[in-house]
Protein chains: 2
Amino acid sequence: MLKLSKLTDYAVVALVRLGQKSEVTTSPVLSRSTGIPEPTVAKVLKILATQGIVTSQRGARGGYRLAQPLEEISIAAVIQAIDGPISLTTCVDGGDCDARATCGLGGQWDMVNAAIRHALSAITLADMKNHTVTDRLGGLHVPPVPDRPEATA
Amino acid sequence: MLKLSKLTDYAVVALVRLGQKSEVTTSPVLSRSTGIPEPTVAKVLKILATQGIVTSQRGARGGYRLAQPLEEISIAAVIQAIDGPISLTTCVDGGDCDARATCGLGGQWDMVNAAIRHALSAITLADMKNHTVTDRLGGLHVPPVPDRPEATA
DNA sequence: AGGAAACAGTACTGTTCTGGTCCAATTATG
DNA sequence: CATAATTGGACCAGAACAGTACTGTTTCCT
Ligand code: FES
Ligand code: FES
């Protein structure tokens with residue numbers, strides 16, 4: 001459905017909230033603060049820790065902290081941390097496609113894929129927090145769209 | 001994984017190949033021409049027919065034909081026909097999100113979502129065929145990313 | 001008219017992936 | 001040193017997806 005997992009959405013929310021705290025924060029605290037179920041936010045933070053998005057402190061009095069400021073973390077980074085690499089089609093980047101030889105459209109998907117990746121890389125968590133996404137989107141608004149004839153059912 | 005279904009990939013391949021034929025073409029022929037397994041290409045074409053992307057001719061000597069020229073069919077249209085609507089997060093467009101009230105970042109995802117949708121709408125199947133995707137991509141390359149917003153924390 | 005070719009629709013099955021839960025390892029505290 | 005707090009990693013259930021198979025309907029050719 002071309003949708004990213006709910007975990008990724010939660011990750012963004014948790015990270016933005018975490019960026020507003022200056023001290024190490026535990027999963028339960030973030031859960032209450034964001035409204036995300038506690039086990040889920042815990043899992044998300046765990047994954048983000050392995051990917052280096054946040055740093056973790058084990059043991060009592062432990063918790064999580066951002067490894068980088070919000071401005072340095074892009075949406076794409078979060079998506080890749082949770083959802084895995086951004087690959088629109090399975091063919092890109094050496095996927096095992098049966099029709100690779102005969103499909104005809106060579107690395108065209110790679111281009112589209114790279115475009116999406118760039119777009120998502122341009123938006124940071126700070127943009128999400130400050131609601132300045134619209135501002136950033138001016139760059140990727142694709143003005144030259146002459147006509148958009150939808151499928152006439 | 002932020003990837004669209006393999007069926008969608010096949011759909012694009014089949015449509016491009018179909019656009020190169022001027023006559024009605026059958027599923028088996030398209031299968032041999034593209035390398036996609038015959039049952040799969042049949043299924044894809046069936047779906048595309050219901051969505052009005054292609055027109056079908058039943059009976060012997062039947063087959064499929066494009067309902068519109070390749071230049072008029074956008075990638076987004078194909079994706080929506082096969083994969084369903086493009087909604088990056090479940091929250092957009094009235095999804096049932098538990099943390100809707102507390103998540104803080106309001107409709108920010110909607111903006112990102114709309115940007116992706118626009119980008120995919122700007123690329124047509126003809127671009128895929130003619131390998132002119134890179135050309136179109138100039139519009140959504142997001143050059144203005146130089147300035148990082150100041151840390152408000 | 002009869003048979004063959006091709007699409008239409010449905011249903012089924014196997015697999016993958018997501019989302020969520022549980023228990024073990026680790027560290028500060030008293 | 002014992003305890004409590006907190007992360008880390010493994011595990012399991014559910015859903016979504018891809019692929020396949022079958023039956024029915026329509027149309028052309030003989
Ligand atoms: S490589 Fe997968 S369809 Fe072309
Ligand atoms: S509405 Fe779903 S996380 Fe904000």
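Only this structure's heavy atoms are used, side chains among them; waters, hydrogens and symmetry mates stay out. First the proteins, then the strands, lettered A, B, ... as listed; each starts at 1.
- Nearest heavy atom pair, residue A:V24 against residue A:G62, reads CG2-O, 4.2 Å.
- Every pair tested for side-chain hydrogen bond (donor to acceptor under 3.5 Å, both in side chains) that includes a residue from residues 21-30 of chain A fails, sequence neighbours excluded, so the list is empty.
- Residue pairs meeting the salt bridge (charged side-chain N to carboxylate O under 4.0 Å, His left out) criterion with at least one partner in residues 119-132 of chain B, sequence neighbours excluded, are B:D127-B:R136.
- Considering all non-hydrogen atoms of both residues, B:Q108 and A:T132 come closest at OE1-N, 3.9 Å.
- A straight line from CD of A:Q51 to C1' of D:dG8 spans 14 Å, rounded to a whole angstrom.
- Residue A:S56 has no polar side-chain atom (N or O) positioned under 4.0 Å from OP1 or OP2 of D:dT6.
- Of the candidates D:dT20, C:dG20, C:dG9, C:dG20 carries the atom nearest the A:T40 side chain, counting heavy atoms from C-beta on.
- Partners of B:A126 by side-chain contact (heavy atoms from CB on, under 4.5 Å), not counting sequence neighbours, listed by chain and number: B:L70, B:E71, B:T124, B:N130.
- Minimum interatomic distance between A:L18 and A:Y64 (heavy atoms only, all atoms of both residues): CD1-O, 3.8 Å.
- Distance check, rounded to the nearest 0.5 Å: CG of A:L4 to CD1 of A:I79 gives 5.0 Å.
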Might you list the N or O atoms of the protein lying below 3.5 Å from N or O atoms in nucleotides 11-18 of chain C, with each pair's distance?
unit_1: C:dT18; atom_1: OP1; unit_2: B:M1; atom_2: N; d: 3.4

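- Between A:L88 and A:N113, the shortest heavy-atom distance links the atoms N-OD1, 3.1 Å.
- Less than 4.0 Å separates DNA chain D from no heavy atom of any residue of residues 12-33 of chain B.
- Here A:D83 pairs with A:S5, A:T8 under the side-chain hydrogen bond (donor to acceptor under 3.5 Å, both in side chains) rule; sequence neighbours left out.
- A residue-by-residue look at B:I82 and B:R61 shows that B:I82 has its nearest nucleotide of DNA chain D further toward the 5' end.
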Could you tabulate the donor-acceptor pairs under 3.5 Å formed by side-chain atoms of residues 33-58 of chain A, not counting sequence neighbours?
unit_1: A:S33; atom_1: OG; unit_2: A:R17; atom_2: NH1; d: 2.9
unit_1: A:T34; atom_1: OG1; unit_2: A:L30; atom_2: O; d: 2.7
unit_1: A:T34; atom_1: OG1; unit_2: A:I36; atom_2: N; d: 3.3
unit_1: A:T50; atom_1: OG1; unit_2: A:I47; atom_2: O; d: 2.6
unit_1: A:T55; atom_1: OG1; unit_2: A:R65; atom_2: O; d: 3.4

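- In this structure A:R32 satisfies the side-chain contact (heavy atoms from CB on, under 4.5 Å) test together with A:P28, A:V29, sequence neighbours excluded.
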I'd like a table of atom pairs between the protein and nucleotides 23-27 of chain C - only N or O on both sides, under 3.5 Å - with the distance next to each one.
unit_1: C:dA25; atom_1: N3; unit_2: A:R58; atom_2: NH2; d: 2.9
unit_1: C:dT26; atom_1: O4'; unit_2: A:R58; atom_2: NE; d: 3.4
unit_1: C:dT26; atom_1: O4'; unit_2: A:R58; atom_2: NH2; d: 3.1
unit_1: C:dT27; atom_1: O2; unit_2: A:A60; atom_2: N; d: 3.1

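- Going from atom CG of A:L4 over to atom C1' of C:dG19 covers 15 Å, rounded to whole Å.
- Rounded to whole Å, the distance from CG on A:L45 to P on D:dG8 is 9 Å.
- Comparing C:dG9, C:dC7, D:dT20 by their closest approach to the side chain of B:Y64 singles out C:dC7.
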